[in-house]
Chemist: 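First the structure, then my questions, so here it is.
Note that this is a predicted model, so its numbers are computed, not measured. Here is how names work: the chains are called A, B, and so on, in the same order as the sequence lines, proteins then strands, and each is numbered from 1.
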Amino acid sequence: MVEGLGLLLGSVGGAITGTVLYVLMREARSGVEADIRSRRERKKQRLEQVLDSSDLAVVGGYLDDVIGEFSVYEYAASGRVASVVDRYLDRMRSFLSVDPEIARQAQAAEGPPQVVGAAAPSGELEEALSEVRSGQVWNGLARLRRHIEMRLRGLAEAGGVAAGSRESGGRLLSGLLEAREIDSRTYEALRYVIYVCNGAVHGEEVGRVTAEEAVQLAAAALARLDSPVWAPEG
Amino acid sequence: MRDLRIKDLVDLVAADVPDAEDRIEKMFDWHHDRSMRMSQWALGASVSLVVGLAAVFFRADLKLACWQIGSVVAAAFGTAAYGLFRQWQLRSMHRQFVGALKLYRQLKEMAPFIARYRASTPEVEG
């Protein structure tokens, strides 16, 4: 009788201990999984911040400090590492690529287009101009390109022109011209500015004078976009 | 080849090393040959130990204690396991080689940017 009771108590105790251990392990596991998910999310956000940055040190630093620290062994053995590295390299190549159509048209044009008006750079453009003047041409022109792309994307959305969130400035510009949301002079001016910016971001040597001219031209062209008086030609 | 980092490939691109892809191939070839030799040596040593043990076992005039037999068997297993491990590593080396070439070519497309970034930073620690 006593032995049977002891066996029963032992079994109940064992079952309770087992259940408690199972619950604790499950909690610990879900905590670890949540931590991993949160870290992955933070890394993803950091990648987005890096690619949105107009600072050469930040974009290049991520390549050296984060991507560069992975070994080729890890890249070949781990699908997760391969996915992070491939995503970064794909985005970087797209970020640094020179739009061939824009480059062809800009090279075919005879020099920079005529200034379509005059406007003093302000806000982001003023900051871009200040970076160019202080010798940070890459940073200034990357900032300028990002600003132009944001403005064009806003215009495309407002005008109902189809534009993906990663559409390049050149494609946005062509889409807006086709939809007659911008006139040809603004198109030519911004096409030239984007051509100069693409070259600089890609790593080509762009002189300070050319970069300053591009910022001034962008300011004038963007001011023209704001102006309600222009009418599409033709 | 756990010691080859992506940063080393970035350095190759930044330094604009001529025939970099051939150099990467030679480096992997060297590691492949070394691993193959180590594997063959370990498997050969393991077989030698087993053959030696068998020869002693079938000779009536030589008697080995249990611990001696156990030690030889353990050593044979150990070296065989090491040899097989090196063989297994060789399989992944092909994937690493293909991965290294793919990464190098992608980084090469970013060469002007990498050169500009490296020129703007005083010293990048290795």
Chemist: Please determine whether a side-chain nitrogen of the Lys or Arg among B:Lys102 and A:Asp86 lies less than 4.0 Å from a carboxylate oxygen of the Asp or Glu.
Modeler: yes
Chemist: One pair to check against side chain to side chain contact (heavy atoms under 4.5 Å, CB included): A:Leu63 and B:Met110. What are the steps and the verdict?
Modeler: CA-CA 11 Å; A:Leu63 177 62; B:Met110 295 160 50; 4.2 Å; yes
Chemist: Looking at B:Arg95, B:Gln89, B:Arg5, B:Gln96, which hits side-chain contact (heavy atoms from CB on, under 4.5 Å) with A:Tyr73?
Modeler: B:Gln96
Chemist: Among all residues two or more places apart in sequence or in another chain, which pass the ring pair (Phe, Tyr, Trp, His ring centres under 6.0 Å) test with B:Phe28?
Modeler: B:Phe97
Chemist: Heavy-atom distance under 4.5 Å to chain A: side chain of B:Ala115, backbone, both or neither?
Modeler: neither
Chemist: So for A:Leu56, is it side chain, backbone, both, or neither that comes closer than 4.5 Å to the heavy atoms of chain B?
Modeler: both
Chemist: Determine, for A:Glu204 against B:Arg116, whether the closest basic-nitrogen to carboxylate-oxygen distance falls under 4.0 angstrom.
Modeler: no
Chemist: Measure centre to centre between the rings of A:Trp138 and B:Phe113, then say whether the value is under 6.0 Å.
Modeler: yes
Chemist: Taking atom OG of A:Ser71 and atom CD1 of B:Ile6, what is their separation to the nearest 0.5 Å?
Modeler: 7.5 Å
Chemist: With heavy-atom distances below 4.5 Å as the criterion, would you say the side chains of A:Val59 and B:Tyr117 are in contact?
Modeler: no
Chemist: Show the numbers, then the answer: is there a side chain to side chain contact (heavy atoms under 4.5 Å, CB included) between B:Arg118 and A:Asp64?
Modeler: CA-CA 10 Å; B:Arg118 286 290 164 88; A:Asp64 264 342; 2.7 Å; yes
Chemist: If you count heavy-atom pairs under 4.5 Å with chain B, which of A:Asp90, A:Val201, A:Asp65, A:Leu89 comes out on top?
Modeler: A:Leu89
Chemist: Is it the backbone or the side chain of A:Val85 that comes under 4.5 Å from a heavy atom of chain B, or both, or neither?
Modeler: side chain
Chemist: Quick one: which of A:Met92, A:Glu74, A:Gln136 has the most heavy-atom pairs under 4.5 Å with chain B, could you say?
Modeler: A:Met92
Chemist: Let's test your reading of the structure: which of A:Ala200, A:Ala76, A:Ala82, A:Ala77 forms the most heavy-atom pairs below 4.5 Å with chain B?
Modeler: A:Ala76
Chemist: So, do A:Val72 and B:Leu9 sit near enough that their side-chain heavy atoms are less than 4.5 Å apart?
Modeler: yes
